[in-house]
Amino acid sequence: MNKFEPITVKLEGVNLVEASAGTGKTYSIGLLVLRLLIEKKYKIKEILMVTFTNEAVAELASRIRSFIQQGIKVAEGDNNQEEPIVAIINKYKDNETLNLLKVALSELDEASIQTIHSFCQE
């Protein structure tokens, strides 16, 4: 089986990230969200993220906030951030990228990060 690479996987169709606990699912999803914001220019509220528990929802929201904040720093010239984030941002670094990230950060409370149960109830 091929190793899942969140930095290079195609952003088309459906991406299902399924793995055992502690394997980096939340990290991978955070990188995918960052790429969707920058490469596809999606608004944060257009991205659906579904996980199992309320704790996982909170962790994912926190991770995405951190990645967007790091992305802003990289877009402003600070490359002393996590390497995958630096690679993603530097590939597309311009004023538009910086603006997209700032808007995403300001709209993060509108993100659709849900448990499976809450998603199905909607």
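Reckoned from all heavy atoms, side chains included, excluding hydrogens, waters and symmetry mates.
Judged as a ring pair (Phe, Tyr, Trp, His ring centres under 6.0 Å), not a single pair has a partner in residues 89-108 (not counting sequence neighbours). The side chain to side chain donor-acceptor pair (under 3.5 Å) analysis of residues 96-107, with sequence neighbours excluded, yields the pairs D94-T97.
Within the model, atoms CD1 of I38 and CG of L100 stand 7.5 Å from one another, a figure rounded to the nearest 0.5 Å. A distance of 11.0 Å separates CG of L31 from OG1 of T26, quoted to the nearest 0.5 Å. For the atom pair CD1 (I85) and CG (N79), the distance works out to 12.0 Å, reported to the nearest 0.5 Å. For the atom pair CD1 (I44) and CG (L34), the distance works out to 9.0 Å, reported to the nearest 0.5 Å.
Applying the side-chain contact (heavy atoms from CB on, under 4.5 Å) rule to V57 yields the partners T51, I113, T115; only residues at least two apart in sequence or on another chain are considered. Considering only residues two or more places apart in sequence or on other chains, K93 meets the side chain to side chain donor-acceptor pair (under 3.5 Å) condition with N90. Annotation: side-chain contact (heavy atoms from CB on, under 4.5 Å) contacts of K45 (sequence neighbours excluded): K43, E110. In this structure, the side chain to side chain donor-acceptor pair (under 3.5 Å) partners of Y27, at least two apart in sequence or on a different chain, are E82. When the side chain to side chain donor-acceptor pair (under 3.5 Å) test is applied to E122, the partners found at least two apart in sequence or on another chain are Q114. With sequence neighbours excluded, the residues that form a salt bridge (Lys or Arg N to Asp or Glu O under 4.0 Å) with E39 are R35. Applying the side-chain contact (heavy atoms from CB on, under 4.5 Å) criterion to E55, with sequence neighbours excluded, gives T53.
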Report all side-chain donor-acceptor pairs from residues 58-69 shorter than 3.5 Å, counting only partners two or more places apart or in another chain.
residue: S66; atom: OG; partner: Q70; partner atom: NE2; Å: 3.2

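Heavy-atom minimum distance, E76 versus L98: CG-CD1, 3.8 Å. Taking all atoms of both residues into account, the shortest heavy-atom contact from A75 to I89 is N-CG2, 3.7 Å. Considering every non-hydrogen atom in both L37 and A104, the closest pair reads CD1-CB, 3.8 Å.
Through side-chain heavy atoms spaced under 4.5 Å, either directly or across other Ile, Leu, Val, Met, Phe, Trp or Tyr residues, L48 is tied to V50, F52, I116, F119.
A single hydrophobic cluster is not seen to contain both V103 and Y42; linkage of ILVMFWY side chains at heavy-atom distances under 4.5 Å, directly or through other members, places them apart. When the side chains of ILVMFWY residues are joined at heavy-atom separations under 4.5 Å, either directly or via intervening members, I47 and I29 end up in a single hydrophobic cluster.
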